[in-house]
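Residue numbers start from 1 in every chain, and the chains themselves are labelled A, B, ... in the order their sequence lines are given, proteins ahead of strands. Fair warning: this is a prediction, and the values are worked out from it, not measured in the lab.
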Amino acid sequence: MKIVDLTVIPADDRTAVAAIAAEAQVNFKDCYQCGKCSAGCPMVQGMDLMPREVIRYLQLGKVQEVLNSKTPWVCAQCGVCTARCPQNVDICATMRAVRHAAKDAGITPVREADVFEDEFIKNVRAHGRSNEQYLAMKYNLRSGHLMQDVDSAPAMFARGMIGIATHNIDSRDEVSALIDRVLQNNGAAKEAPKGGDAS
Amino acid sequence: MTTYSYFPGCSANSTGISYTKSADFVCKKIGIELEEIPEWCCCGTSAAKLTSYDLGYALPSRSLALAEKLDASRPIVAPCAGCYAALKDALVYAQASKENLEHVRDMINMPYEASVQVMNLLEVFSTQEAKDALQQQITKPLSAFKVACYYGCALVRPVEVCKFDDPEDPQSMDTIMRLAGAEPIDWSFKTECCGAAQQMAVPKPSRVLIERIFQNAEANGANAIVTACPLCWMNLDMRVKAINKERAEAGKPAFDLPVFFFTELLGVALGGDAKTLGIDVHFQPGAPAFIDQKVKESAQIEEERKLAAAEEARKLEERAAKLAAKKQAKAEDVHSPQGGEQ
Amino acid sequence: MSRIGVFICYCGSNIAGTVDVEKVAEVARTLPNVVHAETNKYTCSDPGQAGVKAAIEKYNIDRVVMGTCSPRMHELTWRKLLADTPVNPYMLEVANLREQCSWVHKDKEVGTAKAIDLIKMAVAKVDKLSPLKSTQIPVTKRALVVGGGIAGMQAALDIADAGYQVTVVERETSLGGKMVMLDKTFPTMDCSACICTPKMSEVGSHPNITVKSYAEVESVEGYVGNFDVTIREKAKYIDYNLCTGCGACTTKCPTKVINNFEQGMSARPAIYKMFAQAVPAKPVIDAEHCRKIQENKCGACAKICPTGAIHYDDEDKVTTERYGAIVLTTGYQLIDWKPLYPEYGGGKYPDVITGLQFERLVNASGPTEGHILRPSDGKEPKNVVIIKCVGSRDPHKGVAYCSRACCMYGAKHAHQFLDKVPDGRCFVFYMDVRTPGKGYDEFYMNTLQDGAQYLRGRVSKIYKEGDRLVCLGEDTLTSAQIRIEADMVVLETAMVPAEGVDKLGSMLGVTRDKDLWLTEAHAKLRPVETNTAGVFLAGVAQGPKDIPDTVCQAGAAASKVIGLLNHDHLESNPQISRVNEALCQGDGACVNICPYHAITLVQKQFRENSQKITRTVASVNPGLCQGCGACTVTCRAGAMDLLGYTNESLMREVDALCQW
């Protein structure tokens, strides 16, 4: 157990919390810690902080705890927390924003999640579409989980679900250019404003 | 004949082949034409959005713009729930403000008005036109099927993006299954996540999600699970084997529930065979046999129902005849001089 | 030449904190016709008021500007003060230097400049005022209480005991309201029926009280002291003069209707008494479900009735009577949680029940005769989950406010369950435990000792597996996801205003707050009054509260009514509209806009150019006019003037702001 002095939160941490709040378009003060998000979260068994605790640390300005937490990386983005929150706090968007902030800070608490995401985008960049068998293969190689789901591969192969051939589209250069352009501008576009109408 | 712009999604010709085959079969049967959007690209799914919000909007917007070019007056149909969610999310984003639309145009570097409607396959089959056509074409009612309709997350959440069906207890798939003669069971995990997106990266905690879906479907009396998403389908149908192995080690009984696409079952009701519909390539090998068995049982049930209905009609007739006879007798009684108490 | 006195208040530091009070007084002294200006630390205090009186005498002041707090707070205080001096109480203008100036500014310079402007305007206005005199209106010494729950019954008894006639209008077929449905009352655990039914019977038999059950207020006209109220008593199809209440009829009725009193957990016949101890202790026929009335079949009840009291051709009875005062005690209903919480099953699981259903289950006269049995299969539940704040404190799905009684209500249910099912287990999910009442926290602590397991967190989902209801929650104190397989779940749902209160409120000019509760005139100082003179509030109609608070408020409302009915006459507000008949065109625009129906058109004779002519002009009924001023802005000819706010005085006020 530890003693926390809340009067000495570094200014940088406060700024980081504000940036996460702005990206997720969430006011963390709205949360009254009822725990309904964590009560219904299907992924808690892989988490080191309850989703509620992620919000709590952000309320306290303790951003390091959140950036180093596995929770946002284990989150399946199913959105059930946000849908049921009595205070309309978008927990799901907060998890995404924390992941972005952590990655920017060079922290990837669940390396596999980062690798999967990375290989997925590479796959799309190369072919224009996602080729499941190559994605799985490359992911297994990079993550070190060499045998994961391999027992299903022969079945898929035999049933014609996967093959040697890749699915490419003719305009895959356009897609790769698009991905490069967007990522170079390092997009942190805001969440789409909710309920906004075209004006 | 209604034509939609078709966004097949990356799994259409791989793990989701059964969905593609069965959807094709059913659509042809009831007069729905799907025209593939030329040069569509991956929707990015949640991985793109987790990498960067901008990428999460840009990838699906490119395909939306291509669909506009193909025919702006037609809605897009995306059978995969993940694709549907990504496309609709990008559409809602672009429609929210002029600035957002401008930003998307800059990113994709294409003309784009955010004007096409995005639909999932359940929505397509929920239109009155499709329902009428289905009703007419059904030759083999699925009377022996007790199905747990599993919708997953992406069709209903975020609520303000999808605005499609109730986020906790949706009904559209249930209605379609009922139309095909099946009995959709009332259960509680219709929209609980199956964890498909995290099965690779964090497999251990994600397995629980699959297990509790099977658990609840079975506890509420289902004999099959029905999905509308190739990721959900693969996740459930492929991984139940490993889960059953673990359960066996823990001394628990195995789950015995085949997982189908709703289009596969519709296809069966419309007279399609397992091979045409792609049921022969399921991970759980018992699927085609299950279909054969249940189709037989269904026919039997239908036969019994017919007999019962005929018997009911006969009884009614009999009763009516008796009543008429009684009335007749009474009338004669009144007229006869001995009758009454005058 | 008028002689104006200006009195500026420090209000401690409330005004002086952001307004340089001395500087304002200094400027005031330079304004036209101001003969004296002074400041005071607390003008409303006894020495403060004495100072004002002394100055009035010393400087021979004939009109007064008070630079103080809002007139809503102290205008009446100043009027009373002036009544003791030679100055007419209506030769007064209050400049609101607190709520509209010092409290909204931070910068003292800005605050001072605005205060000076406000004083200038008030001085210009008061210069143009004329003395006003009240008239007398008679008071009808009879009160109407709308609602026959515990609040209405208490108010009616208190008023009746003071010697005044009271009519109680109750929408249901019996008195008792929600309290009579309860089994026991916290924190003393006395039986609700034991303390509620004697009151019902006292109300029913009090010589000064008339009970109109199965009745609703249809319309209200008139004003304080003289409300003409039309009441519709629904047809009961039973002659209460003949009926002995033997109940034989109710045993013969073949129809089964869902019993709302038992919260839908049992059935009742179409001819029924709401519950055994109902007052009036006689049945009514529910016409909608009666086979005789609907299809002209059956008629079993009339056949068995020994006194011939049943009349299938009975009709609604509509009467209009005059009352001096009205008390609204319309209470509440529970929020319809089913469409709001599909994650709790949305009503499809019969064993997920509300707190009120639990009250009936645990009640000896309820559908299970006090045995806690679950509705689905009649089995005794062993694991019970209680969830608080369902609908309350949930702005996304329900209401934002706290319903105040549920923390105690939930603790009581836990206690009762553990008492009746000793081998049972009870889990209470809560966000906070709020027990600010005498003996309340002790009660809660005792419930913990009884073995109730409190878990801090909201439940996310209730689902069915087998015959168990699985509740998923979090214990936020240990950060653990909690899964409880319950046999029954009790939802402590939010209180919301009773249906139809909006209609009643608008009939009486009583506003509703953002949550649609009826609004009191002042949250602290006039908690049982409304903004309509002569109309009072008590109980949950004003906002969620428990029984002790409801009874207190009912007594308070009654004392206000008694105070009012004690007068033979009331002083009318002289600040009402006046017609300048010379300018009036008789077009009736004012008649149409007047919300109080106080203006009529009359034929009047005038002399013009030494000739007698007849013209149509408007005429204001001083008893009905509330001084709202709508007519003055509607009149194109400018013939309508509001006394105390005359067009001229208001124009001078504007001039003062714009020209000086």
Side-chain angles (χ1 to χ4, degrees), chain A residues 1-2 4 25-60 62 65-66 68-72 74-76 78-95 194-195, chain C residues 335 337 339-346 385 387-403 406-407 427-434 454-463 469-484 486 489 491-494:
Chain A
M1 292 291 116
K2 55 194 169 180
V4 178
Q25 297 209 336
V26 167
N27 179 356
F28 298 127
K29 288 176 192 151
D30 287 344
C31 170
Y32 54 24
Q33 292 285 305
C34 72
K36 197 173 182 184
C37 49
S38 312
C41 176
M43 295 296 290
V44 288
Q45 290 185 59
M47 292 175 172
D48 52 1
L49 292 178
M50 281 297 205
R52 173 187 56 78
E53 291 176 301
V54 169
I55 306 283
R56 184 62 187 155
Y57 277 116
L58 291 168
Q59 287 178 329
L60 295 175
K62 306 277 292 170
E65 278 77 356
V66 168
N68 285 291
S69 167
K70 287 180 182 174
T71 296
V74 171
C75 166
C78 77
V80 82
C81 47
T82 303
R84 292 182 189 153
C85 174
Q87 290 286 90
N88 261 337
V89 174
D90 195 339
I91 301 128
C92 202
T94 304
M95 295 298 170
K194 284 159 200 156
Chain C
I335 197 166
W337 67 274
L340 306 176
Y341 293 92
E343 65 267 43
Y344 294 169
V385 166
I387 307 176
K388 301 202 297 184
C389 294
V390 176
S392 306
R393 303 177 68 199
D394 186 345
H396 181 33
K397 298 196 170 218
V399 295
Y401 55 81
C402 160
S403 289
C406 337
C407 279
F427 303 90
V428 184
F429 281 97
Y430 72 99
M431 291 210 292
D432 293 291
V433 178
R434 294 175 172 178
Y454 271 62
L455 297 159
R456 200 205 159 278
R458 261 185 196 277
V459 167
S460 173
K461 185 181 175 91
I462 302 172
Y463 65 92
L469 294 162
V470 183
C471 300
L472 294 181
E474 189 199 0
D475 176 32
T476 62
L477 303 180
T478 56
S479 297
Q481 202 175 62
I482 305 285
R483 177 193 149 98
I484 294 175
V489 181
L491 308 178
E492 308 296 12
T493 47

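Taking chain C as the reference chain and counting heavy-atom pairs below 4.5 Å, the highest number among Arg52(A), Arg56(A), Met50(A) is found for Arg52(A). Put simply, of Arg393(C), Lys397(C), His396(C), Lys461(C), the one with the most heavy-atom pairs under 4.5 Å next to chain A is His396(C). Comparing Val44(A), Leu49(A), Val80(A) by how many heavy-atom pairs each has under 4.5 Å with chain C, the most go to Val44(A). Put simply, of Pro395(C), Cys389(C), Ala400(C), Cys471(C), the one with the most heavy-atom pairs under 4.5 Å next to chain A is Pro395(C).
Here CG of Leu455(C) is found 8.0 Å from OG1 of Thr478(C). Values are rounded to the nearest 0.5 Å. Remark: Lys36(A) NZ to Asp394(C) CG distance equals 6.0 Å, nearest 0.5 Å. The CD atom of Gln25(A) sits 11.0 Å away from the OG1 atom of Thr94(A) when rounded to the nearest 0.5 Å. Separating the OH atom in Tyr463(C) from the CG atom in Leu469(C) is a distance of 11.0 Å, to the nearest 0.5 Å. Remark: Ile55(A) CD1 to Ser38(A) OG distance equals 9.0 Å, nearest 0.5 Å.
For the pair Glu474(C) (side chain) and Arg458(C) (backbone), a donor-acceptor distance under 3.5 Å is absent.
Close approach to chain C, defined as a heavy atom under 4.5 Å from one of its heavy atoms, is seen in Tyr32(A), Gln33(A), Cys34(A), Gly35(A) of residues 28-35 of chain A, taken by number.
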CA sep, side-chain torsions, deciding dist, call: Val470(C), Ile462(C), side-chain contact (heavy atoms from CB on, under 4.5 Å): CA-CA 5 Å; Val470(C) 183; Ile462(C) 302 172; over 6 Å; no

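If you measure heavy-atom distances from Cys81(A) to chain C, you find no contacts under 4.5 Å at all. If you measure heavy-atom distances from Tyr341(C) to chain A, the contacts under 4.5 Å come from the side chain alone. Using a 4.5 Å cut-off between heavy atoms, Ala480(C) contacts chain A through its backbone alone, with no side-chain atom that close. For Leu472(C), the parts sitting under 4.5 Å from any heavy atom of chain A are the backbone and the side chain alike.
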